[in-house]
Amino acid sequence: LFMSNQFSENGFIIVRNAFSKKTVAEVQRAVIDSIYSKKKVVAGTQDKFLLFSRAVNKLKISEYNFVKPIFKYLFYKGLLEKILLEKKLFNSLKNLLGEDLSFAHDVSLTLNLKKKTSNEENYLFKDWHQEIWSGASISSVQTWTPLFQKNRHEGQIELIPKSHRWGHIPHKNRVPVELPKNYKIEKLNIKYGDVILFSTLLVHRTMKTRFPRLALALLLKNFKYKNSSFEENRNWKIFSFSELTKVERYLGNHHLSPFRLLDIDNEINSGTLGK
């Protein structure tokens, strides 16, 4: 099956080597810089996972408050868009959603720990769940990729293939009220640079781990699609325009006024056309 057919058939696709090792290293370095900022990093420590682990093992705040400034820093550095625009991943996204693409500018980092480090309840769902429970549209796509992990067998996610065909699962207190009696569970084995794209209807959960894990879980949509979900209550960052949308941006308004651009040659040369 082609990858697009796999998505409709199973509810997900895995894009191997979706972004480069260089980008992985750049993102990891940015995470460490954000965590330690003005603090002193132990001299001679080059192992980024060790630095990450030391920070979370001493965590005295909620997981959400820990990852929030990290996510903001990755956004500020342009690294979220850099990941999404890498050729292999971008082509997969285009095949699923088209070229008018945006991602939810929510705090989309998930921290998985062996045990809770605060009295606050972890803000992430841990049991079987669907992304539509959080207001996502069925026309959007959820992504997941590890940023820090001990190995490919710890703290990943597991899913139920084809469960996107079940529709909206009844649930209470973020836990399914009922599931079919017989279903297959697939555990992911994703390395750095791999990305899974899955339906917001796909049933999935986080696997237990002995080691801390940090992952990026961005929600993506075609911003031209209209839907009745609660997605409009979120902030969205556009990172790709289709050719037709670029034409609309050149024209500037829906009235399509003739000769709107009086000095077209200068605007083209200055690079301001369409901005």
Side-chain angles (χ1 to χ4, degrees), residues 18-41 45 48-86 89-90 93 101-113 116-126 131 134-137 140-149 155 157 190 192-197 200 206 212-221 223 230-241:
F19 55 101
S20 67
K21 293 180 179 178
K22 182 179 179 181
T23 301
V24 171
E26 190 175 354
V27 171
Q28 289 184 337
R29 183 71 258 173
V31 171
I32 296 302
D33 290 343
S34 174
I35 292 173
Y36 287 90
S37 63
K38 298 179 182 178
K39 299 176 184 177
K40 206 171 186 180
V41 178
T45 303
K48 296 186 183 70
F49 181 80
L50 179 59
L51 289 171
F52 166 72
S53 299
R54 285 177 178 174
V56 297
N57 287 337
K58 298 177 181 178
L59 206 57
K60 295 181 180 179
I61 58 177
S62 70
E63 292 90 343
Y64 179 82
N65 287 332
F66 176 74
V67 300
K68 185 177 180 179
I70 299 174
F71 181 81
K72 286 186 173 181
Y73 188 66
L74 293 177
F75 179 81
Y76 165 74
K77 297 282 286 185
L79 291 172
L80 303 179
E81 292 182 53
K82 184 172 184 177
I83 289 173
L84 296 171
L85 290 172
E86 290 223 4
L89 179 57
F90 184 62
L93 293 173
L101 298 172
S102 60
F103 64 86
H105 187 214
D106 303 326
V107 177
S108 302
L109 290 174
T110 62
L111 177 63
N112 194 17
L113 303 172
K116 288 186 174 63
T117 56
S118 70
N119 292 326
E120 296 184 27
E121 183 181 352
N122 194 312
Y123 77 104
L124 303 172
F125 298 157
K126 291 297 182 182
E131 294 304 318
S134 300
S137 167
S140 297
V141 170
Q142 184 67 45
T143 69
W144 190 94
T145 187
L147 301 183
F148 281 101
Q149 61 183 16
I157 59 176
I190 290 184
Y192 292 146
D194 294 344
V195 178
I196 179 173
L197 311 176
T200 56
T206 305
R213 184 269 292 149
L214 184 69
L216 178 65
L218 289 172
L219 183 67
L220 299 161
K221 72 172 184 176
F223 59 85
F230 283 175
E231 280 188 347
E232 301 309 315
N233 295 333
R234 299 181 177 185
N235 293 318
W236 293 88
K237 175 65 172 69
I238 294 174
F239 66 94
S240 173
F241 295 104

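Both backbone and side-chain heavy atoms feed into the values below; hydrogens, waters and symmetry mates do not.
Residues Asp106 and Leu219 have side chains not in contact (no heavy-atom distance under 4.5 Å, counting atoms from C-beta outward). The shortest distance between side-chain heavy atoms of Lys48 and Arg29 falls below 4.5 Å. Side-chain contact between Leu89 and Leu197: present, with at least one pair of heavy atoms (C-beta onward) separated by less than 4.5 Å. When side chains are defined from C-beta on, Leu220 counts as touching Phe239, because their heavy atoms get closer than 4.5 Å. Side-chain contact between Arg213 and Thr110 is present, with heavy atoms from C-beta onward closer than 4.5 Å. Using a 4.5 Å cut-off on side-chain heavy atoms (C-beta onward), Ile83 and Leu216 make contact. Phe223 places none of its side-chain heavy atoms less than 4.5 Å from the side chain of Leu101.
When atom types are taken as modelled, the side chain of Gln28 and the backbone of Leu147 share a donor-acceptor pair closer than 3.5 angstrom. At least one donor-acceptor pair under 3.5 Å links the side chain of Trp236 to the backbone N or O of Glu231. Listed for the Thr200 side chain is a donor-acceptor partner under 3.5 Å among the backbone atoms of Ser137. In terms of modelled atom types and a separation under 3.5 Å, the side chain of Tyr64 and the main chain of Val107 share no donor-acceptor contact. Judged by distance alone, with hydrogens and angles left aside, the side-chain atoms of Thr145 form a donor-acceptor pair with the main-chain N or O of Asp194 at under 3.5 Å. Judged purely by atom type and a 3.5 angstrom limit, Thr143 has no side-chain atom pairing as donor or acceptor with the backbone of Ala217. For Ser34 (side chain) and Ala30 (main-chain N/O), no donor-acceptor pair under 3.5 Å exists by modelled atom type.
Between Val24 and Tyr192 the shortest heavy-atom distance is CG1-CB, 3.9 Å. Contact between Tyr36 and Leu51 at its shortest, heavy atoms only, is OH-O, 2.6 Å. Closest approach of Ile190 to Pro146, counting heavy atoms only: CG2-CD, 3.5 Å. Pairing each heavy atom of Pro212 with each of Val56, the nearest pair is CB-CG2, 3.5 Å. The minimum heavy-atom distance between Ala55 and Ile35, with the atom names listed, is CB-CG2, 3.5 Å.
Put simply, CD on Gln149 and CG on Asn112 are 11.0 Å apart, with the number rounded to the nearest 0.5 Å. Atom CZ in Arg234 sits 11.5 Å away from atom OG in Ser102 (nearest 0.5 Å). Rounding to the nearest 0.5 angstrom, the gap separating the CG atom in Leu59 from the CG atom in Leu113 is 7.0 Å. To the nearest 0.5 Å, atom NZ of residue Lys22 and atom CD of residue Glu86 are 10.0 Å apart. Atom OG in Ser108 sits 7.5 Å away from atom CD in Gln142 (nearest 0.5 Å).
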From CA spacing to verdict: side-chain contact (heavy atoms from CB on, under 4.5 Å), Leu80, Phe103: CA-CA 9 Å; Leu80 303 179; Phe103 64 86; 4.0 Å; yes
Less than 3.5 Å apart, which donor and acceptor atoms pair up between the side chains of residues 67-79 and the rest of the protein, not counting sequence neighbours?
none

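Under the rule for a ring pair (Phe, Tyr, Trp, His ring centres under 6.0 Å), the partners of Phe52 that lie at least two apart in sequence or sit in another chain are Phe148.
With respect to the salt-bridge test (charged N to carboxylate O, under 4.0 angstrom), the residues Glu232 and Lys221 qualify.
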